[in-house]
Each structure stands twice: as C-alpha cells, then as structure tokens.
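So you know, we letter chains A, B, ... as the sequences are listed, proteins then strands, and number each from 1. Side chains included, hydrogens not; waters and symmetry mates left out as well; all remaining heavy atoms used.
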There are 2 protein chains.
Amino acid sequence: MNCSCENCHIQAIFFKSINSDELDEFCGARVEKIIPAGTTFIKQGDKIRSFKYLKEGLIKLHRVDDAGNKQIISFGTPMDFVSIHNIFAEETYSYSVTALETSTVCIFNIDIIKRLIKTNGEFAENLISTKSRASNRILSNSLDLISKSMYGKVASVILFFHEKIYFTMGFDLPISRKEIAEYTGLSIETVIRVISEFRRDGLIKVYGKRIEIIDKDGLMSIYEHS
Amino acid sequence: MNCSCENCHIQAIFFKSINSDELDEFCGARVEKIIPAGTTFIKQGDKIRSFKYLKEGLIKLHRVDDAGNKQIISFGTPMDFVSIHNIFAEETYSYSVTALETSTVCIFNIDIIKRLIKTNGEFAENLISTKSRASNRILSNSLDLISKSMYGKVASVILFFHEKIYFTMGFDLPISRKEIAEYTGLSIETVIRVISEFRRDGLIKVYGKRIEIIDKDGLMSIYEHS
DNA sequence: TCTAGTTTATGATATATGTCATATATTTAC
DNA sequence: GTAAATATATGACATATATCATAAACTAGA
C-alpha cells in the first residue's frame, strides 16, 4: 500500500516537500475507503483521530449551530483537504462531512502528520499555505452570501457547481432544494420559487435535479448585482 | 528593542516554542507602531511584506467584494494575530485592516517567520493551531449571520462587544450603525430601527454610541431563536 | 404494486427588510 | 465658531422573504 495513485493531489500539491523515506512512512499507514453517496463519514463532535483526504468525489461540510439549525458550510472536491480545518485547532470536529457522490477517502495516521510538521519545515509551510487557501475560499463564499439577495444566493449556487465542479452548461445538481436552503439561509419555498423564476426568465432550464444554463451572463449579472 | 513586553500574547501563546537565540533574532527586527483610531494600516490588494501582530487595541477586518460592496469581515483584539489569515496563502492582502481604537501593532520581518516555520517544528505547530482557531472563529461568526433574522444579527453584534470585548453591561459601541450594517448585511435604517425596537422593549438603553444592556437573557434569547 | 414518506411546486397571505424622504443631532473641516 | 458633511432617527411605502396550505411527482421499502 503506497501513495502512487496517479491523480493524487496530495502528491502534487501537498507532499512535494516530502522525501522518499518520509513518503514511505507516511503512506505505509494509509487506508483507502470508498464512501457511498449520502454517508456521513465525519460527525460533528467526534474526536479527531486521523487525517482524512478526499481522493475522489464530492462532499459537503455541515453543522448544527448553537440554536440547533442545520447549516451547510461548504462543498468540497479533491482539491480540498477534508479534515484540515479543525485538525490542529481542536480536539473534536466542529462540523460533519457527508459524501454527495460516491467518494474515495484516504485516511492517514494523525501523529505522522504532526511529526512531519515538526521535522520537515517545507512540509509545514506547504500545509499552512494549503490550509489558508482552503479556509479563505470557504470564508469568502460565506461572506458573499451575507450581503446578497435570494436571487444572488441561488445564482451563486448554480454558478458554483457549473464553474467549480462540472464545467458544463448542463449538469445534475448533487444537492436538493432543501440543501440549497440550508446553505443559503433561505427557506425551501424561496429557493424553489427563485429557481422557477430563473426558468421562466429563460436563464436556465430545469428538469428536476437537472439544470441547463441558458444565459450564463444573465446569471452572473444577477450574482454580481445582488 | 526586544519582546519583553509584559502583556504580549505573542510570547505567551505563540512563542512558547522559541528558544532565547531565536527570540533575539526575531525581536531584533521588531518595530512597534502606534496606530490612531480610524487609520487603515493594511490595505486590501497591498503586497504582504511583513508579519503584523496586534499588541493592544481593537481593529476591524474589512473588504470590498467583487461586486464593489463594502463589507466588514470581523473585529479583532490582541488575541488575534492580525495578518496571519493571508500571509502564507497569497502574495497580497484580500482584506483591509483599520484601527477602531488607538492600537499598538508589532511589525516583524516576514522572512524570519518563514524561516522559523522551517527550522522550528514546535513553532510551526503552534502557528497552525493559532491560525486555525482564529479563522474558525471568524468563519463561525460569519455562518451564524447567514441564518439569522435582523433581530438576531443586531443582537449578536451587541452581545459580541459585551462578551468578547468590554465585559461590562454598559459600553460605548466602537462602531457606527453604518458599520453594523456592513457587518450584518442589513441596511443602515434596519439596524437603527432594530436598535430602537430593542430600546422600546426594554432590552437595552441607548444614548448615541453608548449601550447599556438591561435584559441580557432577553437579548440572548433573541440571538438564539433567530 | 401499493403505501408512506420525501421532494418539488405553486398560491395566498403575513411578516421582514429595503428604499426614499425628511429631520435632528453630531462630527469634521476650515 | 460656522458651514458642511456625516450619523442617527423615524415615517410611509415598496419589495423581499417566510409561512401555511395544498398538490403533484418522485423514492424507498414492504
């Protein structure tokens, strides 16, 4: 068992600073796990016992806030290092992680990561950069939502899946209207109504979860001008 | 010039891992600067040339988003390390920093920090923890705002300054109604109206910027139940 | 195949929030 | 100290958004 997977972003981005001895130690303790869509494989409140990396698939970060409201924090692709947001700050996870599509997760020994930080300065620097960029991205998306109207919020979700995940004009939304509501802070009915309005205005076509973007400039203009 | 300031959080929290030789090198290049209230000492888009730490005072992080809207990201006390959110992720700042009260900032050579990360593993680990906790706090506040009504949003601002900054029932708000609007995503008029309503309902007393909390439980209940 | 549950959808209506107008109070610039 | 700018405040009104009700479409499981 090693880390020689061809498409592994960890290798490309994260461990360019690791020498082959370190890589062997690191990957010797690696476990690869396939997570079926819909499975919650990290639970808010659980003790952090390992370092998890999304090798393939699509996941959502979500939490229950102090008032008991369910809330989606962000959506993640293999470019994101699933468990890095909490791992060095807290003993337990402050969010849950659920697979939206069948996903592959690599599970590493957390002590080896911590030892690497201490012994390999370049690794530490790369980890800090990667972590910073990932959390800046999440924060920026969250801040965007605060100041936008329901149209801007829903447009931002559609554009996110188009521009960051699927890259095509037509795609199947991997989340329900209810999840869009949990992400944007809108009510379900408002989300559905805005989608219907986008459809009536010829911005998108909708067939259940299937979305086809017809007027991308129009959507972007709505997103930008709230 | 050294780092022997008695109340320095950097020493207590951040540099417990630094030996005296490293401390000398680190602090030899330190510059201390007094920032008058209202001064913007980090500007969004500026190249990151130094590592800045808030020794004393109160600051706000703010940005102009892609659509050109002014937005306040968070408020910071000396417990926050001002420039760590961007420093290892980007070449330039993605936010501005302005003093809300007269503040003292310690400015360190950024290359020395980067060298310390590479040569001192414990320092690197402490930096990662500190940074994680700070950005988790900011994100959590931002997520809280997304799902709350105007009452919850304004209550959260009042409770923040009471519980995190001044600790007394009576205090002077360090920000204007307009800034509360920029932080919460509400309009100025809505912020003013909600504050007036809290006053009429006997939750707070208001004399311009002066706030006195009369019914803290009531405020917290509003915050929690939206 | 049927039933129960969930998801999507829409209308009617109530409430929350924004916009525009205006007035007073406060701060800033000269 | 005065004028101009900014901040606070409130009313009237328009628009955005939530809530409640209902129904059709779509799953999941027996």
TODO: Have a look at K209(A) and say if it touches a base, only the backbone sugar-phosphate, or nothing, with a 4.0 Å heavy-atom cut-off.
DONE: sugar-phosphate

- [ ] Without swapping roles, check the side chain of S50(B) against the backbone of I110(B) for a donor-acceptor pair under 3.5 Å.
- [x] no

- [ ] Work out how much the helix from dT1(C)-dA30(D) to dC30(C)-dG1(D) bends between its end axes, five pairs an end, to the nearest 10 degrees.
- [x] 60°

Open item on the list: Tell me the interatomic distance from Y151(A), atom OH, to dG18(C), atom P, rounded to whole angstroms.
Closed with: 15 Å

Task: Passing option when T98(A) is tested against K43(A), E179(A), H62(A) for side-chain hydrogen bond (donor to acceptor under 3.5 Å, both in side chains) - done: H62(A)

TODO: Establish, with yes or no, whether the OP1 or OP2 oxygen of dT8(D) is under 4.0 angstrom from a side-chain nitrogen or oxygen of S196(B).
DONE: no

Open item on the list: So G185(A), base contact, sugar-phosphate only, or nothing? Heavy-atom distance under 4.0 Å.
Closed with: sugar-phosphate

TODO: In whole angstrom, give the distance that lies between atom CZ of R177(B) and atom P of dT10(D).
DONE: 10 Å

Open item on the list: As a quick check of understanding, evaluate side-chain hydrogen bond (donor to acceptor under 3.5 Å, both in side chains) for Y183(B) and Q71(B), giving each step before the final call.
Closed with: CA-CA 6 Å; Y183(B) 177 63; Q71(B) 195 171 27; over 6 Å; no

- [ ] Establish, for the pair K148(B) and Y223(B), whether the NZ or CZ atom is under 6.0 angstrom from the six-membered ring centre and no further than 45 degrees off its axis.
- [x] yes

Task: Nearest-Å distance for atom pair CD1/P, residues I192(B) and dT19(C) - done: 14 Å

- [ ] Could you check how far CZ of R210(B) sits from P of dT8(D), rounded to whole Å?
- [x] 16 Å

Open item on the list: Can a side-chain donor-acceptor contact be found between S74(B) and K60(B) if the only test is distance below 3.5 angstrom?
Closed with: no

Task: S132(B) and K131(A): side chain donor to acceptor below 3.5 Å - done: yes

- [ ] For I195(B), report the nucleic acid contact type (base, sugar-phosphate, nothing); a contact means any heavy atom under 4.0 Å.
- [x] nothing

Open item on the list: I'd like to know if the side chain of T40(A) and the backbone of I42(A) have a donor-acceptor N/O pair within less than 3.5 Å.
Closed with: no

Open item on the list: If the cut-off is 4.0 Å, is R200(A) near the phosphate of dA9(C), judged by side-chain N/O to OP1 or OP2?
Closed with: no

Task: Atom-to-atom span, CD of E197(A) to P of dT15(D) - whole angstrom - done: 14 Å

Open item on the list: Across nucleotides 20-30 of chain D, 5' to 3', mark each nucleotide with B, S or - according to how protein heavy atoms within less than 4.0 Å reach it.
Closed with: B----------

Task: Shortest side-chain distance from M150(B), nucleotide among dA9(D), dT7(C), dA16(C) - done: dA16(C)

Task: Short side-chain donor-acceptor distance under 3.5 Å, T190(A) and S187(A) - done: yes

Open item on the list: Mind checking if I188(B) touches a base, just sugar-phosphate, or nothing, with heavy atoms under 4.0 Å?
Closed with: nothing

- [ ] For the side chain of T190(A), starting at C-beta, report the closest nucleotide among dT17(D), dT17(C), dT8(C).
- [x] dT17(D)

- [ ] Rounded to the nearest angstrom, tell me the gap between atom CZ in F198(B) and atom P in dT10(D).
- [x] 14 Å

Task: Residue pair R63(B) / Q44(B), side-chain donor-acceptor N/O under 3.5 Å - done: no

Open item on the list: Nearest whole Å is fine: how far is dT6(C) C1' from E179(A) CD?
Closed with: 13 Å

Task: Sequence neighbours excluded - salt bridge (Lys or Arg N to Asp or Glu O under 4.0 Å) pairs with any residue from residues 204-213 of chain A - done: D172(A)-R210(A)

Task: Atom pair distance, as rounded to whole Å: CD1 in I180(B) and P in dT6(D) - done: 19 Å

- [ ] Return no unless some side-chain N or O of S187(B) is found under 4.0 Å from OP1 or OP2 of dG18(C).
- [x] yes

